[in-house]
Protein chains: 2
Amino acid sequence: MLPELKLAPLRYVLAILDSGGFHAAAKQLHRSQPAVSMAVRDLEERLGQPLFEKGGGKALLTPFGRWCEPRFRELVAHHDRVCRDALAIARQQRGRVDIAAVPSVASRLMPALLAGFLEAYPGIDISLQDGHSERVNEMVLKGEVELGITSLWLPDDTLRFDALLHDDIGVVCRDDHPLAQQNALHWRALKPYTLIRNGTSRLLEGSPAAELLTHSTLYISNMISLTAMLEAGIGVTTLPRLAFQEEHQRLRFIPLATPRLERRIGLLRRARQSLSPAADAMYGYLLTQLAGRISLKR
Amino acid sequence: MLPELKLAPLRYVLAILDSGGFHAAAKQLHRSQPAVSMAVRDLEERLGQPLFEKGGGKALLTPFGRWCEPRFRELVAHHDRVCRDALAIARQQRGRVDIAAVPSVASRLMPALLAGFLEAYPGIDISLQDGHSERVNEMVLKGEVELGITSLWLPDDTLRFDALLHDDIGVVCRDDHPLAQQNALHWRALKPYTLIRNGTSRLLEGSPAAELLTHSTLYISNMISLTAMLEAGIGVTTLPRLAFQEEHQRLRFIPLATPRLERRIGLLRRARQSLSPAADAMYGYLLTQLAGRISLKR
DNA sequence: GGAGCATGGTAAGTTTTTCTGATCATTTTA
DNA sequence: TAAAATGATCAGAAAAACTTACCATGCTCC
């Protein structure tokens with residue numbers, strides 16, 4: 001029923017109008033003049049009406065041609081717009097990534113990383129939200145974000161995990177605490193003191209130090225509150241080094257030596273689903289930026 | 001720079017999505033499955049990003065593909081819309097004709113003709129305006145209308161005239177006028193009476209009867225006023241038969257026998273300019289409808 | 001667990017489309 | 001009137017698109 005109007009002949013027609021003739025259009029299009037003539041004739045046959053006046057020497061539109069011209073222009077412009085946008089996205093010059101990260105990474109690592117990414121890929125919009133590791137996991141799984149930066153990953157067939165860095169677990173206490181002068185600790189050294197559990201405490205599970213958790217009666221999820229407790233000297237806690245905020249003058253971080261514990265922080269994405277070009281750019285960027293820094297030592 | 005996205009592959013992609021697979025799409029498109037596969041692969045290469053997930057068995061879009069789908073849909077729909085509209089116009093199923101006619105034709109002939117045209121070509125809009133013959137001539141010349149129906153045509157290189165019918169000139173007078181009982185008149189028979197000139201009086205110019213005009217002191221351009229004058233018995237006038245309104249019970253039309261005068265009524269159009277499809281339909285319709293009726297005898 | 005039936009991908013050859021180069025007929029320009 | 005420019009035409013060449021036949025893989029159902 002509907003003949004298929006190819007875009008090239010439409011361009012030919014527009015070029016003829018813009019350049020004022022078949023010959024000029026052919027040159028502009030890097031085609032031979034017969035190619036233009038034949039394409040136009042074919043188009044006219046498809047439509048069943050001539051577009052150009054046959055009489056005179058110059059290329060003049062018929063009334064039907066005049067009706068067609070603006071529509072052809074719009075259609076070609078529409079094509080070019082779609083094409084340009086698609087290419088910009090494909091080439092990672094535009095787009096959007098939604099990522100999620102655990103709070104420590106979001107606040108400690110992402111600022112510098114995102115600054116670099118924004119510079120390397122201007123035009124890509126970024127949305128970063130934080131959540132505890134299970135929440136990050138869930139957001140990736142449900143497709144709420146394309147990428148997650150998290151630890152504590154239970155092997156899952158539908159998710160893919162790329163390790164980025166290892167983060168040592170240690171003890172945090174006030175600088176006047178008896179443990180504060182140590183360089184490394186055995187877990188039993190903590191037994192005498194009040195242990196405040198927090199969202200990262202489950203990292204101790206499965207290790208000898210897990211016994212400490214059973215004797216702990218205080219759980220604080222919020223990091224601000226937790227540091228306030230520690231500054232008040234209420235007790236000590238365990239934290240990954242990255243989650244320890246160095247800005248606090250009176251708090252000290254002492255690595256656990258026995259058992260040596262660490263969390264693996266890595267990039268999470270859906271396994272059998274490719275990333276958007278923008279997310280792919282972010283993925284590659286994060287991998288290369290954090291490639292060398294297997295462990296966090298400062 | 002911009003790769004040319006042909007519409008066919010976009011349709012293939014949409015067909016794959018709508019039918020849920022390459023095979024089903026191929027059948028729906030009356031193509032072989034490899035043709036669809038190759039077209040999609042080519043499209044993906046042009047864009048630089050895959051549109052479909054390669055892993056699983058089913059055809060699933062990548063995030064990039066999901067971004068593309070609605071734009072492809074819109075673009076294809078836009079094409080089809082332009083295509084359909086252009087065809088409708090080319091096939092004279094839609095469109096618009098602007099025509100002009102001298103008042104006698106506009107009021108006596110056009111009603112029936114347009115009724116028939118509207119039935120034969122529903123969907124075509126018509127604009128009809130009337131004016132004296134010079135005005136019709138000018139409107140056609142300036143492109144204000146595509147077709148004119150007029151008499152009194154001075155040969156002109158840029159205009160083309162197709163004769164439609166001959167319209168006898170006669171004398172109109174009240175039924176109690178001395179001339180009213182005649183069947184045919186010699187121009188001299190008018191000399192004793194008051195002659196009212198009107199817009200068609202110049203048709204006498206160049207004939208022996210032109211002498212009558214020099215003795216006429218009354219000119220009425222408006223037809224309503226003119227008939228009122230005639231009904232009042234103020235005088236007689238000359239009119240083409242078509243311009244004589246038979247509805248007036250008290251007025252009579254007596255053909256001029258010597259000289260026998262007539263006006264040629266015909267279709268006027270620009271010479272070296274083709275018509276819009278709608279106007280072409282009107283042109284052909286008027287020619288065929290009025291082809292047999294060379295002269296008006298009732 | 002393997003036959004059978006889907007899925008989509010690959011390769012070689014054919015058909016269709018599109019383009020070129022040479023040439024022609026007209027019209028416009030100088 | 002000669003020269004230059006316009007677009008149209010045709011046969012053959014180049015390019016694109018398609019088809020048939022075949023392969024690899026994943027899923028379903030005895």
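Side-chain contact annotation: A/Gln49 with A/Thr62, donor-acceptor N/O pair under 3.5 Å absent. Side chains of A/Arg202 and A/Ser133: no donor on one and acceptor on the other come within 3.5 Å.
The phosphate of C/dT26 has neither OP1 nor OP2 within less than 4.0 Å of any side-chain N or O from A/Lys54. For the pair B/His23 and C/dG8, the criterion of a side-chain N or O lying under 4.0 Å from OP1 or OP2 is met. Contact annotation: B/Arg41 does not reach the phosphate of C/dG8 (side-chain N/O to OP1 or OP2, under 4.0 Å).
Distance from the side chain of A/Tyr12 is smallest to C/dC19 among D/dA16, C/dT17, C/dC19. Here D/dA8 is the nucleotide among C/dG9, D/dA8, D/dC18 with the atom lying nearest to any side-chain atom of A/Ser37. Side-chain atoms of A/Ala59 lie closest to D/dG7 of the nucleotides D/dC18, C/dT18, D/dG7. Looking at the side chain of B/Pro34, the nearest of the listed nucleotides D/dG7, D/dT19, C/dT20 is D/dT19.
The pair B/Asp18-B/Arg73 meets the salt-bridge criterion, since a charged nitrogen lies less than 4.0 angstrom from a carboxylate oxygen. Using a 4.0 Å cut-off between charged side-chain N and carboxylate O, A/Asp80 and A/Arg11 make a salt bridge.
In this structure, the CD atom of A/Gln33 is 11 Å from the C1' atom of C/dT20, given to the nearest Å.
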